2 protein chains.
Amino acid sequence: MSPDHNPVRHDRDGVARTALALLDEVGLADLSMRRIAARLEVQPSALYWHFDSKQELLAELADRITARIPAGGADVLTTARSIRDALFAYRDGAELVLSTYALRLGSSHAQAALEHALGPDSGDRAAALLHFILGHSTLAQQRMHAESHGATAGDGDDPTAGLAEVFDLGVSAIAGLSAPRPRDRA
Amino acid sequence: MSPDHNPVRHDRDGVARTALALLDEVGLADLSMRRIAARLEVQPSALYWHFDSKQELLAELADRITARIPAGGADVLTTARSIRDALFAYRDGAELVLSTYALRLGSSHAQAALEHALGPDSGDRAAALLHFILGHSTLAQQRMHAESHGATAGDGDDPTAGLAEVFDLGVSAIAGLSAPRPRDRA
DNA sequence: ACCTGAACACCGTTCAAGT
DNA sequence: ACCTGAACACCGTTCAAGT
């Protein structure tokens, strides 16, 4: 007993799963390679057998977060909401995807789903919609987390109030819908 | 001659100005307190006399970047473009403002300018507009910089093409304009 | 195939002490 | 009022070597 090293071995998938769970616990700013390694009971250098760099690991996490977006079949508002909710499913998910997707031109899963919902020749509208969703979700998620930790230098009113209305308004306008379909139980 | 320390003293404004210039040179990821200190020919700890933390310094830089936005008097599209251009004026300006403004509820200078251009009771529209502008500008700026350094795993076509059209389309739609006023020399 | 151990060049921040 | 010097607890990454 009392082994001083761990015989458990990991593969790329296991590392990514642990990293994703840790992201949700500690947030993007505190998600270090050394922390991930510690959670896996492995030396930091071991991670570099599975990923070439931290950037590559983060890109994999962004892919896993956006993989939960339904491919097609829904209308624009529903598609937009499911993209937002996929980003909200993990702490700092929106910020991670935003910073990671910047280099992946229009080839994202999310943009494809939006183009499908918008119809043919909707490339620019789909891009604008995606930019709005990513900007809004990043700001909203940061505010929600700050508020739940009392870190806002608040002037009294809730900065989180009305966020869902702002989202629906933006999506409907860019999609060319006349008025937003009301949210459930608004 | 050959003095081994520098008799030059700095104030808060001078530190911020140097940091802003350095941001434009090296980008947000490489803007460390130690690098700023080195540029000022000062020890890193000296910076903490002027700012309580790196976060506070970054917030000051964000304020300086957005201070260049004209207060009012212009139409929505013009106002939106001048917000975008203020963010583009410094490397990673959009990303810095996005991450810094998350905690500053609706009280930003930019949002006030948009509300003024949109008219009375336009709070939600102004918020949606600001979210779009920040999301779009962050993505656009990162792509522009990646492209200029050949860092995109490119599939051939220019990821920067059409960005201005996407911007005008998004702004016009959210503002409730029927069709975007064409850009100069489009 | 997957990991250790050691090293390198960095971080942000604190604090007593100097001028 | 503004800075130094030293320290603390961290970073990402590389690389030879082990199993």
Side-chain angles (χ1 to χ4, degrees), chain A residues 2-20 22-23 25-62 91-92 95-96 99-100 102-103 146 149 151, chain B residues 2-20 22-23 25-62 91-92 95-96 99-100 102-103 146 149 151:
Chain A
S2 78
D4 61 344
H5 73 33
N6 196 325
V8 173
R9 251 115 183 110
H10 308 90
D11 54 13
R12 193 179 158 100
D13 178 69
V15 172
R17 291 165 66 98
T18 298
L20 196 51
L22 193 55
L23 169 69
E25 286 179 40
V26 305
L28 190 54
D30 288 333
L31 186 72
S32 67
M33 295 297 267
R34 298 177 106 104
R35 254 212 211 234
I36 297 165
R39 175 62 55 96
L40 290 164
E41 296 181 276
V42 123
Q43 296 298 315
S45 50
L47 300 179
Y48 290 86
W49 199 90
H50 302 285
F51 294 92
D52 281 347
S53 66
K54 185 182 186 183
Q55 193 49 235
E56 194 190 291
L57 211 197
L58 293 180
E60 171 70 30
L61 300 189
R91 164 120 88 117
D92 294 333
E95 187 186 345
L96 173 59
S99 54
T100 261
L103 308 185
H149 285 51
Chain B
S2 76
D4 61 345
H5 73 30
N6 196 325
V8 175
R9 251 113 184 111
H10 308 91
D11 54 13
R12 193 178 157 99
D13 178 67
V15 172
R17 291 165 65 98
T18 298
L20 197 51
L22 194 55
L23 169 68
E25 286 179 39
V26 304
L28 189 54
D30 288 332
L31 187 72
S32 68
M33 296 296 269
R34 298 180 107 105
R35 250 207 212 239
I36 297 166
R39 174 63 55 98
L40 290 164
E41 294 181 278
V42 125
Q43 297 298 315
S45 50
L47 300 180
Y48 291 84
W49 199 91
H50 302 285
F51 295 92
D52 281 347
S53 64
K54 185 182 184 181
Q55 193 47 235
E56 195 191 290
L57 210 197
L58 293 180
E60 171 71 29
L61 301 189
R91 167 121 86 121
D92 293 334
E95 187 186 346
L96 173 60
S99 54
T100 262
L103 309 184
H149 285 50

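Proteins get letters first, then strands, A, B, ... in listed order; numbering begins at 1 in each. Not measured: the values here are computed from a predicted model.
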**Prompt:** To the nearest angstrom, how far is A/Asp30 atom CG from D/dA9 atom C1'?
**Reply:** 13 Å
**Message:** Could you measure the distance from the CG atom of B/Leu23 to the CZ atom of B/Arg91? Nearest 0.5 Å is fine.
**Reply:** 8.0 Å
**Message:** If you assign each of A/Arg9 and B/Ser45 to its closest nucleotide in DNA chain C, which residue comes earlier from the 5' end?
**Reply:** A/Arg9
**Request:** Would you kindly give the CD-to-P distance between A/Gln43 and C/dC2, to the nearest whole Å?
**Result:** 18 Å
**Complete:** Closest heavy-atom pair, A/Gly14 versus A/Leu40, reported as atoms and distance to 0.1 Å, is O-CD2, 4.5 Å
**Request:** Test for a donor-acceptor pair under 3.5 Å between the base of D/dG12 and the side chain of A/Ser32, counting only N and O atoms.
**Result:** no
**Item:** Electrostatic pair A/Arg35-A/Glu25, nearest N-O below 4.0 angstrom
**Value:** no
**Item:** Whole angstrom value for the distance that separates P of C/dG12 from CG of B/Leu47
**Value:** 9 Å
**Request:** Report the base-pairing partner of D/dT19 (Watson-Crick or G-U wobble, both distances below 3.5 angstrom), or none.
**Result:** C/dA1
**Asked** Looking only at atom P, what distance separates D/dA9 and C/dA9, rounded to whole Å?
**Response** 23 Å
**Asked** Does a sphere of radius 6.0 Å around CZ in B/Arg12 hold more than 12 heavy atoms from other residues, nucleotides or ligands, not counting ones at 6.0 Å or beyond?
**Response** yes
**Request:** Identify, between A/Pro44 and B/Val42, the residue whose nearest nucleotide on DNA chain D lies closer to the 5' end.
**Result:** B/Val42
**Request:** Tell me whether the OP1 or OP2 atom of C/dC3 has a side-chain N or O from A/His10 closer than 4.0 Å.
**Result:** yes
**Prompt:** What nucleic acid atoms does A/Val15 come within less than 4.0 Å of, heavy atoms only: base, sugar-phosphate, or nothing?
**Reply:** nothing
**Nearest-angstrom distance from the residue atom CZ of A/Arg35 to P of D/dA9** = 16 Å
**Prompt:** What distance do B/Ile36 atom CD1 and B/Leu31 atom CG have between them, rounded to the nearest 0.5 Å?
**Reply:** 4.0 Å
**Asked** Just checking A/Ser53: base, sugar-phosphate only, or nothing, at a heavy-atom cut-off of under 4.0 Å?
**Response** sugar-phosphate
**Complete:** A/Phe51 CZ to C/dC2 C1', in whole Å, measures 14 Å
**Request:** Write down the distance between OH (A/Tyr48) and C1' (C/dA7), rounded to a whole number of angstrom.
**Result:** 14 Å
**Item:** Below 4.0 Å: OP1/OP2 of D/dA1 and any side-chain N or O of B/His50
**Value:** no
**Request:** Round to a whole Å and report the spacing from CZ of A/Arg34 to C1' of C/dA9.
**Result:** 12 Å
**Fill in**
For C/dT14, the nucleotide meeting Watson-Crick or G-U wobble distances (both under 3.5 Å) is D/dA6
**Prompt:** Rounded to the nearest Å, what distance is computed from the NZ atom of residue A/Lys54 to the P atom of nucleotide D/dT13?
**Reply:** 8 Å
